[in-house]
Amino acid sequence: MPKFYSISEPIKYEGPNSANDLSYRWYNPDQKVLGKTMREHLRFAVCYWHTLCWPGADPFGGETFMRPWHHDADPMSAAKTKTDIMFETLRILDIDYFTFHDLDIAPEGNSLKEFNANVSAIAKILEKKMATSNKKLLWGTANMFSNRRFMAGAATNPDPDVFAYCAAQVKHCLDVTHDLGGENYVMWGGREGYETLINTKIGQELKQAGRFLSLVVDYKHKIGFKGPILIEPKPKEPSTHQYDYDVASIYGLLKSYGLENDVKMNIEQNHAILAGHTFEHEIALASSLGIFGSLDLNRGGYQVGWDTDQFAMNVPELTLMMLEVIKAGGFTTGGMNFDAKIRRQSIDPDDLLYGHVASMDACARGLLNAAKIIEDGKVAATVDKRYAKWNTAQNKAMLEKGATLDGIAARVHKEGIEPQPVSGRQEYIEGLLNNV
Ligand code: XUL
Ligand code: CO
């Protein structure tokens with residue numbers, strides 16, 4: 001394989017004072033934090049799609065990166081080159097996991113049969129490379145949004161032939177993910193929504209979405225796939241209105257189909273921002289509903305209303321994110337996937353390394369900060385104090401079965417309860433967070 005990056009030695013931890021720009025200054029994989037190593041806490045993954053498949057295009061212009069495999073006339077040979085570059089990237093970055101869409105790893109060919117065969121052939125190559133490198137698959141997913149057949153949606157398409165086609169495509173991708181030991185399977189919903197109500201039956205489409213998900217969950221059990229099915233909430237783009245808008249709306253759909261124990265969330269910072277939420281809000285909500293799964297670690301620009309998919313770099317934001325991940329108990333099958341694009345002007349292969357290294361360091365700093373905040377205990381103590389009155393037997397009983405509205409009302413009158421407002425201490429907590 002011709003050399004792609006300027007370096008071939010794996011990037012190592014060299015500490016905050018290192019003068020080497022291709023070193024980790026904060027991410028020290030073996031360093032223990034709150035009883036686990038950073039490697040165990042963070043479970044980073046390199047994504048195929050944005051790292052190897054996106055050519056640097058934007059809505060106003062095409063390719064800027066000029067990667068050799070994008071100019072290979074033979075699509076299977078290009079796909080093989082990408083497997084080499086993926087494993088070289090994982091080796092150099094010392095990252096354990098990767099993620100893919102079926103279409104990222106293999107060409108579509110002229111039929112589903114050809115596509116499936118291509119995906120299987122490349123999966124065989126991936127399997128061999130995994131066996132000799134100890135690298136693992138965090139998740140696989142099917143691309144059910146790029147081809148024109150999906151222009152009106154995938155499982156929520158008005159045409160039942162598309163629904164059926166999706167079943168065939170997801171079945172194969174889930175089989176392949178299973179064979180490769182994938183720890184999760186992701187459903188991408190970027191087209192599960194609609195553009196205009198004047199040509200859309202929402203009720204019908206929601207029924208299709210719920211049914212499709214149930215079929216996938218049934219099949220997962222049938223083949224013994226142990227990991228969760230993950231949905232990635234996204235409020236808009238490319239569809240105007242999405243059924244999988246955010247964690248809260250997906251939870252409603254899961255509950256109504258009884259799928260809340262089999263399906264979890266893959267939360268992306270950029271999508272959270274598009275939905276008007278913070279990353280940590282989505283994580284905390286998913287965790288409190290028991291559906292926290294995995295993370296896509298790419299942020300959006302706050303001035304731009306679309307998926308800019310930048311590498312997450314903001315340490316204060318990542319500190320709050322890591323606090324919620326730790327409070328959620330950390331990852332089980334999930335991890336942190338860089339579904340992130342370097343900017344289209346970042347045209348050198350090494351820019352991919354700089355993007356990952358800087359974001360991994362920012363996450364490590366977030367983790368270290370979160371650990372200090374937890375070990376210091378003042379933030380948690382302040383928040384616990386706000387809720388402390390809920391610890392009395394009488395107050396707890398209001399949330400239990402047997403409590404009645406009139407019973408509570410009678411107690412208010414009997415005891416002369418008059419709520420006394422107390423400070424929420426926001427600025428005090430903000431100060432504590434800034435002083436870690
Ligand atoms: C698209 C997106 C996808 C998913 C997987 O916005 O985030 O890459 O992560 O399909
Ligand atoms: Co994503």
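For reference, positions follow the sequence shown, starting with 1. Remember, it's 1-based here, ligands and their atoms both numbered in the order they're listed. All values derive from a computational prediction rather than experimental measurement.
- Of the possible polar contacts, one joining the E192 side chain to the T156 backbone as a donor-acceptor pair under 3.5 Å is found.
- Considering both main-chain and side-chain atoms, W139 never comes within under 3.5 Å of ligand 1 through any nitrogen or oxygen pair.
- Between H50 and ligand 1, a contact under 3.5 Å exists for no N or O pair.
- Sparse packing is recorded around CG of N110, with 12 or fewer heavy atoms of other residues, nucleotides or ligands lying under 6.0 Å away.
- If you look at N143 next to ligand 1, there are no close heavy atoms at all, none under 4.0 Å.
- Residue K222 places its NZ atom among 12 or fewer non-hydrogen atoms of other residues, nucleotides or ligands, all under 6.0 Å distant.
- At a heavy-atom distance under 4.0 Å, no atom of N266 approaches ligand 1.
- If you look at D339 and ask which of its N, O or S atoms sits nearest the Co ion (ligand 2), the answer is OD2.
- Other residues, nucleotides and ligands contribute at most 12 non-hydrogen atoms within 6.0 Å of the NZ atom of K207.
- Taking the six-membered ring where the residue is Trp, Y24 and Y27 present perpendicular rings, their angle passing 60° and hence far from 30°.
- In summary, D296 places an N/O/S atom under 2.8 Å from the Co ion (ligand 2), meeting the contact criterion.
- Within ligand 1, counting atoms from 1 as listed, the ones closer than 4.0 Å to a heavy atom of E268 are 2 (C), 7 (O).
- Comment: D361 does not engage R365 in a salt bridge, judged by the lack of any side-chain N to carboxylate O separation of less than 4.0 angstrom.
- Considering both main-chain and side-chain atoms, T141 never comes within under 3.5 Å of ligand 1 through any nitrogen or oxygen pair.
- Contacts between E237 and ligand 1, counted as non-hydrogen atom pairs separated by less than 4.0 Å, are absent for every part of the residue.
- Considering every non-hydrogen atom in both E108 and F115, the closest pair reads O-CB, 3.2 Å.
- E268 contributes OE1 as its N, O or S atom closest to the Co ion (ligand 2).
- Of the candidates F145, W188, W49, it is W188 that places a heavy atom closest to atom 4 (C) of ligand 1.
- Taking every heavy atom of E232 and a limit of under 4.0 angstrom, the matching atoms of ligand 1 come to 2 (C), 3 (C), 4 (C), 5 (C), 7 (O), 9 (O).
- The distance from ligand 1 to the heavy atoms of D307 drops below 4.0 Å at these ligand atoms: 6 (O).
- Checked for salt-bridge contact, K12 and D94 miss the test: no charged N lies under 4.0 Å from a carboxylate O.
- The closest approach of E232 to the Co ion (ligand 2), by N/O/S atoms, is made by OE2.
- Classification of the F338-F44 ring pair by plane angle, with boundaries at 30° and 60°, yields parallel.
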